[in-house]
Amino acid sequence: MHDASADRPRDTPVADPALLDALRADLAGAGFTVAGVEELLGPVAAAALHREQVLPALLGTRAHQGPTATLVRLFLLGATTQRRLVDAALPRLTADGAARLGLLDAAGHGGADEVRARVDLRPYAWSDEGGTAAGADVGAADAAAPGPRGDGAWWVTSDLGEAVTGRALRTDHVLGVGGASTTLAQVTIRDPRRRTLDLGTGCGIQALHASRHSATVVATDISARALAFAEFNAALAGVRLDLRLGSMLEPALPAHEDDAFDLVVSNPPFVITPRTAGRSVYEYRDGGRAGDDLVRDLVVEVGGVLAPGGVAQLLGNWEHRRHEGWRERVGEWADRSGLDAWVVQREVLDPAQYAETWLRDGGTTPDRDPQGWSAGYAAWLDDFAARDVEAVGFGMVLLRRPLDGARPTVRRLEEHEGPVRQPLGAHLAAGLAAHDWLAGRDDAGLAAARLVVAADVTEERHLVPGAADPTVVLLRQGGGFGRTVQVGTALAGLVGACDGELTVGQILGGLGALLEVPADALAAELLPAVASLVRDGLLAPA
């Protein structure tokens, strides 16, 4: 554990075990929980805080003097707070103890009677149904986790954000739980794992989630400050992590087979940033490489640390270049990796939208710094133009190392910009299992199978008034990606008959007789569609 010695990264919390015990007890005793914060703030101020607007919460807490309000103003809103109120909210730790942990600073203008937070510290709840980080968008969910069941909570520290400090972020800023890290936690497959790697751990939230279903968790980062925060958060949560300093896969390369990983999760520094002199480079988002090279390299190389059957899940950006489709570009990365690959593009921004998003993320705005805004905007647009970039995609990448001697068989590159039903990890796991089930069956094997309709699937029919037969039949998936599939009358009839009693072949025979169509011709038409419905989770083996 780090202590307060000179080699500790500057402005990071200190993982002192005795003081952490007092802090943990005080935070729980103060009702500083996700539910407690939401109840105190109310829906309007809580929603504003989710959008990083702190004023409604500051105004709304003025009339409250209890411990929850004190901790919200101190750690979530960055307000200067009277020492006596902090002592009352943290009676075991006290303001002095919080200062020794590196959580507080003297305000600098209010004398010894006032203190101010040095870090953002907020409650984070997880459960087997879902989770929430107070002041974040949505917490990570572990509905698929077969490990420890039930509900629980952590407290997570990070650097104070620009909305609180009113300043542009420092280049070694340690990000808290945000939208991207929440998304990754929700899509991660939560099977039991022997060894898990969290590459680019940041404040450590992915590693904390992995600890619930992994015997060993290795967490790496290029930032010593990030590892210090991750160490503190793990100690506060009572979790043991193997923390390693270094870039990309280098600190986690296995010395022998037993060191390989069954799961790799990564929210890497994927932001595409112009490499121009004088531009701020933020460790948490900028990988130091041109274009989307960092995501490409991670996709291509991550198989080197995966055990056979091991899965890697990461988020990333990729460029849409003129005369090159994104599927072609990312598909080439997947081919080079030698791994099964399932890529889902969730969002696309044009170059101007992308520049605006990440300029604001770093705290540069046109009203606060018009010159910096214009210079940064131009640098981004010039950088994209140099590579004929027309847009940037964002999405998730799932990779799997085939078993020894096997060749990759999964190649799915798809777009889905609509809403999804989180958590998505269980759906992705089922998708891989369905692919493997189909890979072992030809048409005859599929015809011999008994299938059932997934519980979340409904049928929607559109008819012209007075018509006996529908003009459109839609199958709608309630979970997962919420797919909608238009089917013909014959396929709708087949799906409707899939209750596990008859084989697909028997249903086809009955439909053929009913429709007066040769069974072989009907099978040739419908079996590929049946396989697609199984692959997407609308049908499943009985």
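This is a predicted model, so every value here is computed, not measured.
Within a 6.0 Å radius of CG in Leu381, other residues, nucleotides and ligands contribute more than 12 heavy atoms. Counting non-hydrogen atoms of neighbouring residues, nucleotides and ligands closer than 6.0 angstrom, the CZ atom of Arg421 reaches no more than 12 such neighbours. A 6.0 Å sphere centred on NE2 of His462 holds more than 12 heavy atoms belonging to other residues, nucleotides or ligands.
Side-chain N or O atoms of Asp159 include one that pairs as donor or acceptor with a backbone N or O of Val174 at under 3.5 Å. A donor-acceptor pair is defined here as one N or O able to donate and one able to accept, closer than 3.5 Å; no such pair exists between the side chain of Arg461 and the backbone of Val473. One N or O on the side chain of Gln422 and one on the backbone of Leu424 form a donor-acceptor pair closer than 3.5 Å. Without hydrogens or angle criteria, Asn233 side chain to Phe229 main chain gives a donor-acceptor distance under 3.5 Å. Looking only at distances, no side-chain donor or acceptor of Tyr354 sits under 3.5 Å from a matching main-chain atom of Val348. Under the 3.5 Å distance criterion, the side-chain polar atoms of Glu415 are left unmatched by any main-chain donor or acceptor of Val344. No donor-acceptor distance shorter than 3.5 angstrom exists from the side chain of Arg401 to the backbone of Gly310, with no hydrogens or angles considered. In terms of modelled atom types and a separation under 3.5 Å, the side chain of Gln206 and the main chain of Ser181 share a donor-acceptor contact. Formation of a donor-acceptor pair under 3.5 Å by the Arg122 side chain with backbone atoms of Ser158 is not found in this model. Formation of a donor-acceptor pair under 3.5 Å by the Gln353 side chain with backbone atoms of Asp350 is found in this model.
Look at Asp340 and Arg400 and you find a salt bridge, because one of the NZ, NE, NH1 or NH2 atoms lies within 4.0 Å of a carboxylate O, short of that distance. A salt bridge links Asp536 with Arg483: at least one charged nitrogen is closer than 4.0 Å to a carboxylate oxygen.
A cation-pi contact, defined as under 6.0 Å to the ring centre and within 45° of the axis, is absent between Arg296 and Trp333. Judged by a 6.0 Å distance limit and a 45° cone about the ring axis, Arg346 is not positioned over the six-membered ring of Phe394.
Between His320 and Gln345, the side chains place a donor N or O and an acceptor N or O closer than 3.5 Å (distance only, hydrogens not considered). Side-chain contact check for Glu356 and Trp380: no donor-acceptor pair (N or O, by modelled atom type) lies under 3.5 Å.
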Do Arg167 and Glu162 pass the salt bridge (charged side-chain N to carboxylate O under 4.0 Å, His left out) test, and can you show the C-alpha distance, the side-chain angles, and the key distance before you say yes or no? CA-CA 5 Å; Arg167 302 186 302 272; Glu162 178 266 340; over 6 Å; no
Evaluate the criterion side-chain contact (heavy atoms from CB on, under 4.5 Å) for residue pair Glu231 and Leu241; output intermediate values, then yes/no. CA-CA 8 Å; Glu231 179 185 56; Leu241 302 178; over 6 Å; no
Could you go step by step and tell me if Val487 and Val495 meet the side-chain contact (heavy atoms from CB on, under 4.5 Å) rule? CA-CA 10 Å; Val487 297; Val495 171; 5.8 Å; no
As a quick check of understanding, evaluate side-chain contact (heavy atoms from CB on, under 4.5 Å) for Val218 and Arg244, giving each step before the final call. CA-CA 7 Å; Val218 176; Arg244 303 181 186 180; 3.6 Å; yes
Derivation of the side-chain contact (heavy atoms from CB on, under 4.5 Å) call for Val504 and Arg450: CA-CA 6 Å; Val504 172; Arg450 288 175 168 81; over 6 Å; no
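Using a 4.5 Å heavy-atom threshold, the side chains of Thr409 and His435 count as touching. For the pair Ile189/Leu263, no side-chain contact is recorded, criterion being any heavy-atom separation below 4.5 Å from C-beta on.
Asp221 pairs by the salt bridge (Lys or Arg N to Asp or Glu O under 4.0 Å) definition with nothing, not counting sequence neighbours. The salt bridge (Lys or Arg N to Asp or Glu O under 4.0 Å) test applied to Arg322 returns Asp388, Glu390, not counting sequence neighbours.
Rounded to the nearest 0.5 Å, atoms CD1 (Ile272) and CD (Glu319) are 4.5 Å apart.
Note: Trp318 and Trp326 have parallel aromatic rings, judged against thresholds of 30 and 60 degrees for the angle between ring planes.
Close placement of the Tyr124 and His209 rings is indicated, their centers lying within 6.0 Å of each other.
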